[in-house]
Amino acid sequence: MNKSIFYHAGCPVCISAEHDIVSLIGSDNIEIIHLGQDQSKIKSAEQAGVQSVPALVTPDGNVLHINFGASIADVKG
């Protein structure tokens, strides 16, 4: 993985965090995945260690949970 991946569910907390993260690291360095719109990516998010959104998975595989918008279980439901 050479880009960070930002997972979110579209809530106001997630959208705000998305804007801040893109401003900090640049849109060329991040893949943004809206799990509410693309539920096929939930499994890969879970495998990466995402437990809640918004979350940023770094290129090294570290998961940074940012604030708390929704648990991954809530996104599935």
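This structure is a prediction, so every number in the text was calculated from the model and none was measured.
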Are H34 and H8 close enough that some pair of their side-chain heavy atoms sits under 4.5 Å apart? yes

Can you name the nearest heavy-atom pair linking I15 to G10, along with the distance? CG1-O, 3.7 Å

Electrostatic pair E46-K41, nearest N-O below 4.0 angstrom: no

Run the side-chain contact (heavy atoms from CB on, under 4.5 Å) test on V22 and N29 for me, step by step, so that the C-alpha distance in whole Å, both residues' side-chain angles and the decisive distance to 0.1 Å come before the verdict. CA-CA 8 Å; V22 169; N29 299 315; over 6 Å; no

Side-chain heavy atoms under 4.5 angstrom apart, residues restricted to Ile, Leu, Val, Met, Phe, Trp, Tyr: same cluster for V50 and L64? no

Could you check if a side-chain atom of I72 sits within less than 4.5 angstrom of a side-chain atom of S52, using non-hydrogen atoms only? no

Any non-hydrogen side-chain atom of H65 less than 4.5 Å from a side-chain atom of V63? yes

In this structure, would V13 and I32 fall into the same cluster of hydrophobic residues linked by side-chain contacts under 4.5 Å? no

Between the main-chain N or O of Y7 and the side-chain N or O of E31, is there a donor-acceptor pair closer than 3.5 Å? no

Closest non-hydrogen contact found for C14 with V53 is SG-C, 4.0 Å

State, without any angle test, whether D38 and S40 hold a side-chain donor-acceptor pair at a distance under 3.5 Å. yes

Check whether any side-chain heavy atom of L56 sits under 4.5 Å from a side-chain heavy atom of N62, and report yes or no. no

Quick one, I21 and I66 - any side-chain contact, counting heavy atoms below 4.5 Å? yes

Within the structure provided, determine whether L35 and I33 are in side-chain contact (heavy-atom separation under 4.5 Å). yes

S4 versus T58, closest heavy-atom pair with distance: OG-CA, 3.9 Å

Side-chain donor-acceptor pair present, S23, D20, cut-off under 3.5 Å: no

Side chains of K3 and I30: closer than 4.5 Å at any heavy-atom pair? no

